[in-house]
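Numbering of residues begins at 1 and proceeds along the displayed sequence. Just so it is clear, the model here is predicted, and its values are computed rather than measured.
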Amino acid sequence: MTTQNTPHRESIASISQRRFKAVKSKSIYVLPNAFTGAAFFAAFYGIIQAMNGNFSNAAIAVFFSMLFDGMDGRVARLTHTQSEFGVQMDSLADAVSFGVAPALIVYEFTLVELGKLGWATAFVYALCALLRLARFNCNVGVVSKNYFQGLPSPAAAALVCGFVWLAVENRLPDWLLPYQSTIALVVTLYAGLTMVCNAPFFSGKSLAVVKSVPFWVIALCAIAFIVISSNTSLSIFILFCIYALSGFVHVFWCWWNGRPNPIAADLAQQHEEEPEEEPEETPER
């Protein structure tokens with residue numbers, strides 16, 4: 001007597017679960033994408049304000065864009081609503097919020113006085129922001145999450161717009177006012193080129209798992225809040241200047257102690273793990 005192999009039937013529950021996961025991976029979630037849209041709107045509003053000559057509002061709008069951009073990813077993780085659509089939308093919004101918007105704002109504010117050199121500087125910054133975002137998307141899972149490869153684009157935008165905000169509020173010394181356009185050019189070029197370097201900048205993502213902090217950290221945060229609130233534009237600009245220099249300080253510290261650059265080490269390890277492609281044999285004629 002021969003036994004026939006009966007085909008295995010998948011249960012309705014497993015079919016439903018599989019289809020639900022497939023639909024979920026391609027879904028468009030409203031909550032996290034709403035924060036991304038708010039970040040994009042703030043940057044667009046900043047561009048409009050710069051066109052109308054309201055440079056203080058334009059700079060502050062970019063900082064609001066940073067705030068919303070920092071919230072969309074966290075909201076997506078907390079509500080388990082991550083999606084590939086959200087990742088792509090966030091990347092495109094960042095290109096405008098932290099690439100195009102700061103470049104146009106600083107150009108309309110003071111770089112326009114430098115003529116061709118001014119708009120070329122603004123273009124270099126915007127291009128470096130696009131390159132930095134494209135490289136970030138390609139190196140996800142390659143570079144350690146503890147560091148950013150190059151200055152992150154929100155920090156670069158804060159550096160540029162922080163200078164605009166500082167200058168609008170007349171916080172610059174009087175002897176620097178004749179060189180305002182030149183200083184803006186240097187700050188914009190530095191922010192742009194630093195985005196595409198390999199210097200490691202602390203990401204702060206490792207602090208997310210810390211459940212408790214010492215008392216002195218709380219006291220230091222309270223003092224920092226008082227200092228920032230007393231002179232917001234100057235304090236924010238100084239803080240982002242320190243952060244924009246921290247990556248190169250870290251590179252010097254690694255060189256002084258004979259340690260490799262963590263970014264370069266991660267890239268070298270990834271290159272070693274990639275399989276070598278065998279050259280194709282050319283057919284004999």
Q: Quick one: closest heavy-atom pair of Ile105 and Ala58, and the distance?
A: CD1-O, 3.6 Å
Q: Measure up the Phe201 and Phe248 rings against each other and bin them: parallel (under 30°), tilted (30 to 60°), perpendicular (over 60°).
A: perpendicular
Q. What is the distance from atom CZ of Phe240 to atom OG of Ser235, rounded to the nearest 0.5 Å?
A. 12.0 Å
Q: Take Trp165 and Phe63 through the test ring-ring contact (aromatic ring centres under 6.0 Å, His included) and record every step on the way to the result.
A: CA-CA 10 Å; Trp165 191 10; Phe63 283 99; 5.7 Å; yes
Q. Where does the angle between the aromatic ring planes of Phe44 and Phe40 fall among parallel (under 30°), tilted (30 to 60°) and perpendicular (over 60°)?
A. parallel
Q: Following the transitive rule for hydrophobic clusters with a side-chain heavy-atom cut-off under 4.5 Å over Ile, Leu, Val, Met, Phe, Trp and Tyr, establish whether Val164 and Val100 coincide in one cluster.
A: no
Q.
Check whether Ser233 reaches the backbone of Leu166 with its side chain - one donor and one acceptor, N or O, closer than 3.5 Å.
A. no
Q) Counting N and O atoms only, with roles assigned by atom type, does the side chain of Tyr107 sit under 3.5 Å from a partner on the main chain of Phe123, one being a donor and the other an acceptor? A) no
Q: Enter the distance from Glu108:CD to Phe55:CZ here, rounded to the nearest 0.5 Å.
A: 6.0 Å
Q: Tell me yes or no: between the side chains of Thr188 and Thr121, is some donor less than 3.5 Å from an acceptor?
A: no
Q: Over all heavy atoms of both residues, which pair between Ser65 and Ala39 is shortest? Give the atoms and the distance, please.
A: OG-O, 2.8 Å
Q | Test log, rule side-chain contact (heavy atoms from CB on, under 4.5 Å), inputs Arg135 and Leu130 | A | CA-CA 9 Å; Arg135 185 180 65 177; Leu130 295 180; over 6 Å; no
Q. Are any non-hydrogen side-chain atoms of Leu111 and Trp119 less than 4.5 angstrom apart?
A. no
Q) If every non-hydrogen atom of Cys128 is compared with every non-hydrogen atom of Val196, which pair is closest and at what distance? A) O-CG1, 3.6 Å
Q) Leu151 and Arg132: which non-hydrogen atoms are nearest, and at how many Å? A) O-NE, 3.1 Å
Q. Are the side chain of Asn52 and the backbone N or O of Ile48 linked by a donor-acceptor pair below 3.5 Å?
A. yes
Q. What are the two closest non-hydrogen atoms of Asp69 and Asp90, and how far apart are they?
A. OD1-OD1, 3.0 Å
Q.
I need the Leu189 CG to Tyr125 OH distance, nearest 0.5 Å.
A. 11.5 Å
Q: Report whether Val62 and Met51 are members of the same hydrophobic cluster (ILVMFWY, side-chain heavy atoms less than 4.5 Å apart, transitive linking).
A: no
**Q.** Verify same cluster id: Val96, Leu133 (apolar side-chain graph, 4.5 Å)
**A.** no
Q | Nearest heavy atoms of Ala126 and Ala103, plus distance in Å | A | CB-CB, 4.2 Å
Q: Starting at OG1 of Thr36, measure out to CG of Leu92 and round the result to the nearest 0.5 Å.
A: 10.5 Å
Q) Near Phe64 CZ, under 6.0 Å, is it more than 12 heavy atoms from other residues, nucleotides or ligands? A) no
Q. Where the side chain of Tyr243 meets the backbone of Phe202, is there a donor-acceptor pair that is under 3.5 Å apart?
A. yes
**Q.** Separation of Cys161 SG from Phe98 CZ (nearest 0.5 Å)
**A.** 9.5 Å
Q. Can you find a pair of side-chain heavy atoms, one from Asn33 and one from Phe85, that are under 4.5 Å apart?
A. yes
Q | salt bridge (charged side-chain N to carboxylate O under 4.0 Å, His left out) against Arg171, all qualifying residues, sequence neighbours excluded | A | Glu169
Q. Could you give the distance from CD (Glu113) to CG (Leu185), rounded to the nearest 0.5 Å?
A. 12.0 Å
Q. Cut-off 3.5 Å, side chains only: do Asn137 and Ser91 have a donor facing an acceptor?
A. yes
Q) Side chains of Cys241 and Leu159: does their closest heavy-atom pair fall under 4.5 Å? A) yes
Q: Check for a donor-acceptor pair, side chain of Ser181 on one end and backbone N or O of Thr110 on the other, with a separation under 3.5 Å.
A: yes
Q: Indicate the ring-plane relationship of Tyr147 and His250, choosing parallel, tilted or perpendicular according to the 30° and 60° boundaries.
A: perpendicular
Q | In one Ile/Leu/Val/Met/Phe/Trp/Tyr side-chain cluster, 4.5 Å: Leu172, Phe237 | A | yes
Q: Please tell me if the side chains of Met195 and Phe148 come closer than 4.5 Å, counting only heavy atoms from C-beta onward.
A: no
**Q.** Which residues share a side-chain hydrogen bond (donor to acceptor under 3.5 Å, both in side chains) with Tyr45, sequence neighbours left out
**A.** Gln49
Q: Say whether Val160 and Leu114 are linked into one hydrophobic cluster, either directly or through other cluster members, by side-chain heavy-atom distances under 4.5 angstrom.
A: yes
Q: Check whether any side-chain heavy atom of Asn257 lies under 4.5 Å from a side-chain heavy atom of Phe252, and answer yes or no.
A: no
